[in-house]
Number of protein chains: 2
Amino acid sequence: MTEGSMDSKILLPEARIPKAWYNVIPDMPGPLEPVIHPGTLQPVTPDDLLPLFPMALIEQEVTTQRWIEIPEEVRDIYRLWRPSPLYRARRLERALGTPAKIYYKYEGGSPAGSHKPNTAVPQAYYNKVAGTRRIATETGAGQWGSSIALACQMFGLACTVYMVKVSFNQKPYRKSMMQLWGAEVLASPSERTAAGRGILAGDPESSGSLGIAISEAVEDAAGREDTRYALGSVLNHVCLHQTVIGLEAKEQLAIAGDYPDVVIGCHGGGSNFAGIAFPFVADKAAGKQLRIVAMEPTSCPTLTRGIYAFDYGDTAKMAPITRMYTLGHDFMPPGIHAGGLRYHGASPLVSQLVHAGVAEARAVPQTACFEAAVQFSRCEGIIPAPESSHAIRGAIDEALRAKEEGRERTILFCLSGHGHVDMAAYDAYFGGRLEDFDYPEAAIRESLAHLPKVTV
Amino acid sequence: MTEGSMDSKILLPEARIPKAWYNVIPDMPGPLEPVIHPGTLQPVTPDDLLPLFPMALIEQEVTTQRWIEIPEEVRDIYRLWRPSPLYRARRLERALGTPAKIYYKYEGGSPAGSHKPNTAVPQAYYNKVAGTRRIATETGAGQWGSSIALACQMFGLACTVYMVKVSFNQKPYRKSMMQLWGAEVLASPSERTAAGRGILAGDPESSGSLGIAISEAVEDAAGREDTRYALGSVLNHVCLHQTVIGLEAKEQLAIAGDYPDVVIGCHGGGSNFAGIAFPFVADKAAGKQLRIVAMEPTSCPTLTRGIYAFDYGDTAKMAPITRMYTLGHDFMPPGIHAGGLRYHGASPLVSQLVHAGVAEARAVPQTACFEAAVQFSRCEGIIPAPESSHAIRGAIDEALRAKEEGRERTILFCLSGHGHVDMAAYDAYFGGRLEDFDYPEAAIRESLAHLPKVTV
């Protein structure tokens, strides 16, 4: 921002796409918790995971190296949309009348419209190098499915996406996006897998669930030599890949001569939050003073009302057990419009940081988030995805508090994606059809009664 | 592109947003043709237009100044997404095996996802300065309506959009976008205007048309002191504002050490084509050798099968008569998915350039365009809007011809918008539900029989 200090955005040249991801593991407040096999209830070994993931990704789950080199082949695809811009929300600041400076890192410029390709691309790459010919995965509303379809297309891998049937039927646009990028998309439950056939035998009209779709994708990958599985959030290697977001943001803020007092991300499985926040965890571990805030929906309040315990990653109890904040693996959040934030658990790394007090968490109701998104969009133009609106709510609240206190404050948040594919949610908001939902305590206690008994 | 000559994109800092628009009028191959009043069939005067437009925009219709300063207030909003990136489509080049270099200027990064805000913002600005309190306009599928809603929001103007009823009902997402940016959206025909009431009296179930919506917006604006009208294409001042696209592209190509042999844009009303092409018309007028190609759909082949004649701008014969390529004002193109290219006429400036041989035109069927869009997206990631796919078809065909001829060639095209709001069209394409339509000669002759008798 040397020329024109009133610039709206800070851009970096492609040469400044990070050359390494930042691995938070060595800077964690304690040792990693073990990952537990869902069948044996004993710690998993790398060999247990090999049918599902290539060794390079399994190693990234546990490595204590602080920096992991980004392969040139991955950086070369990142160039299609990275470095992403860092914006200063000057018009929003003026509208709020706040002394705070609000910066946001915008990830909606990727071909899929969100941050998800940041990890889809390296996952496809490492699979390609390991000889994988085909990826099987699941998707809910389709953000992840479209991102992995794009990445597979770039590396010439086949891709099959098990898409939750209700979304397959009601949200055909993300399905078209996956097909455009060459993926096969199946409505889940499907006839392709034993898991799917079992569900259909019991209920031919089943509209599916993410848990069922995960089971199908895992079965598909485990059963074919040429196929592996891919996941778009939660796992350590996913969080690792997303750190390009925060690394770039730090460099861009340095160009602006600034540093955040508070870093804010929305939180579902944890990948976007990790992306913006982890590089600042490093600074905090080194003594810097700043706050790191995860924003989640009150209707799926994993970090704020769940407990920190060992639990299954999926409803069907096929995924590994990890120690994380959880509402219980059979917790059923209501259908909120920020589909990407409807997960009963959380990234184990994010969970550990929240548990240790390095990061904090806040839950907000969806109408307050849409209100923030509308105010943001009327100032800054960009239409946020419903998921991203949670981070905006957090940022606006911080800016209003700064105004109340009459203090300067530098706020950084991540705008994880644009909302052009989610206008139906805005339609519901403007039509007064959105309800806020506060999960009853008894229901959470009920689902928390079914945690596995792990003794490690 | 000094650092890393394999960069995918060339970015400019905000200080390099053009400080002036390029006005093609002084570089036209002949004098401007008069604009004719639809009632009197005599040339219009500026005073005739004052109920509809502020004087600054009326002046921009006719000025022979080559450079028109861009107000700082407009540049300040351009900063939210401009300068837009110029990409080198290296992956597409490799996939085609062409010796050609393919560059594309990408306008999909604006808040509305297309180039339309480039003119919506200055139109709102000049209205604000002139004391206008409210804008009335029409929109078909909603690209223009959402862009002017955004621009009005930025300058605190009220905005009413008459949206063709069939789109209002079938494409609620663009409607939500307009509401998000604070506009009032009415299904047209509406009860608000005499024009609308008249149509509804005859046919209460009328699904509307762009012609009817124009009539309603014009009536609304003409009848209220505080309100003026705005149009998203065709007019000279609209083309003028869009030249920021080509001006930036020229500067970015210069950074890459390149200059195009051929410049390609899609063509509907002409605004996107003018935006990328006009700054190169200046060079051609000054003796540079290059080709300038407008790509239009075979289902609405205005430039390739229409005639160069005086005709009404709208079906209802309320809009001014201009000399342009036209298929006749009562020509009804079939419902192709590139809704933005369904106009019976063309920008008078573009028409004059094509008529004089400065620019050339080519028509392509929609399935060939979607095929090109899919090939492009599988290489470059970005999903093009159906309108933009026409320019991509043109660019790929040029690149394949270069390969056949074994010659280098530098191709520049404009990717006018992203297709995330248009996935239904891709869905139809993949589902085999898209038909190519070649308009029968007799039908064109029929609609051309109704041109007004203008003798100037």
Side-chain angles (χ1 to χ4, degrees), chain A residues 1-4 6-9 11-16 76-83 85 87 90-91 108-113 117 146 150 153-154 172-177 179-182 373-374 377-383 418-431, chain B residues 1-4 6-9 11-16 76-83 85 87 90-91 108-113 117 146 150 153-154 172-177 179-182 373-374 377-383 418-431:
Chain A
M1 215 145 50
T2 43
E3 202 182 2
M6 288 304 284
D7 278 6
S8 288
K9 51 194 176 309
L11 304 173
L12 295 174
E14 288 176 21
R16 307 290 276 276
D76 202 43
I77 295 177
Y78 278 172
R79 286 168 194 269
L80 295 177
W81 72 93
R82 305 210 69 85
Y87 283 88
R90 295 184 188 277
R91 288 168 189 277
S110 83
S146 53
L150 168 70
Q153 177 65 42
M154 293 286 168
Y173 297 171
R174 281 278 169 196
K175 179 183 66 184
S176 308
M177 226 179 255
Q179 290 172 330
L180 169 56
W181 287 321
V374 170
S377 188
R378 289 184 176 177
C379 295
E380 300 293 316
I382 294 170
I383 300 176
H418 72 63
H420 286 185
V421 197
D422 306 282
M423 293 311 298
Y426 283 94
D427 204 34
Y429 172 68
F430 287 118
Chain B
M1 218 148 48
T2 43
E3 199 181 5
M6 288 303 282
D7 278 5
S8 289
K9 52 192 175 307
L11 304 174
L12 294 175
E14 287 175 22
R16 306 290 276 277
D76 202 44
I77 295 176
Y78 278 171
R79 287 167 193 271
L80 295 177
W81 71 94
R82 303 209 72 83
Y87 283 88
R90 294 184 188 278
R91 287 168 191 277
S110 83
S146 53
L150 169 70
Q153 177 64 44
M154 293 285 167
Y173 297 170
R174 282 276 168 198
K175 180 183 65 184
S176 308
M177 227 178 253
Q179 291 174 329
L180 169 56
W181 287 321
V374 170
S377 187
R378 289 183 176 177
C379 294
E380 300 294 317
I382 294 170
I383 300 176
H418 71 62
H420 286 184
V421 197
D422 307 281
M423 294 311 299
Y426 283 94
D427 203 35
Y429 171 70
F430 286 118

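Naming convention: chains lettered A, B, ... in sequence-line order (proteins, then strands); numbering from 1 in each chain.
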Answer whether the closest heavy-atom distance between the side chains of A:Val421 and B:Tyr173 falls below 4.5 Å.
-> no
Partner chain B: residue of A:Leu180, A:Asp422, A:Ile77 with the largest heavy-atom pair count (under 4.5 Å) = A:Leu180
Tell me, side chain or backbone of B:Leu80 under 4.5 Å from chain A's heavy atoms, or both, or neither?
-> both
Measure from the side-chain N and O atoms of B:Glu14 to the backbone N and O of A:Lys9, and report whether any donor-acceptor pair falls under 3.5 Å.
-> yes
Minimum heavy-atom distance between A:Asp7 and B:Arg79, given as atom pair plus value = OD1-NH1, 3.0 Å
Nearest atoms (heavy-atom pairs only) where B:Glu380 meets A:Met154 = C-CE, 4.2 Å
Approximate separation, where rounding is to 0.5 Å, of B:Met177 CE and A:Tyr426 OH = 10.0 Å
Heavy atoms only, distances under 4.5 angstrom: which of B:Pro117, B:Gly431, B:Gly182, B:Gly113 has the most pairs with chain A? Name it, please.
-> B:Gly182
Measure distances from B:Tyr429 to the heavy atoms of chain A and classify the residue's part below 4.5 Å as side chain, backbone, both or neither.
-> neither
Minimal non-hydrogen separation, A:Leu11 against B:Leu12, with atom names | CD1-O, 3.9 Å
Look only at the side chain of A:His420 and the backbone of B:Pro111, and say whether a donor-acceptor pair between them is shorter than 3.5 Å.
-> yes
So, A:Arg91 and B:Asp76, do they make that salt bridge, N to O below 4.0 Å?
-> yes
Can you tell me how far the CD atom of B:Gln153 sits from the SG atom of A:Cys379, to the nearest 0.5 Å?
-> 7.5 Å
Minimum-distance pair of heavy atoms, taken over all atoms of B:Gly381 and A:Trp181 | O-CZ2, 3.1 Å
Is there side-chain contact between A:Pro172 and B:Met423, with at least one heavy-atom pair below 4.5 Å?
-> no
Output the distance between atom CD1 (A:Ile383) and atom OG (B:Ser146), rounded to the nearest 0.5 Å.
-> 7.5 Å
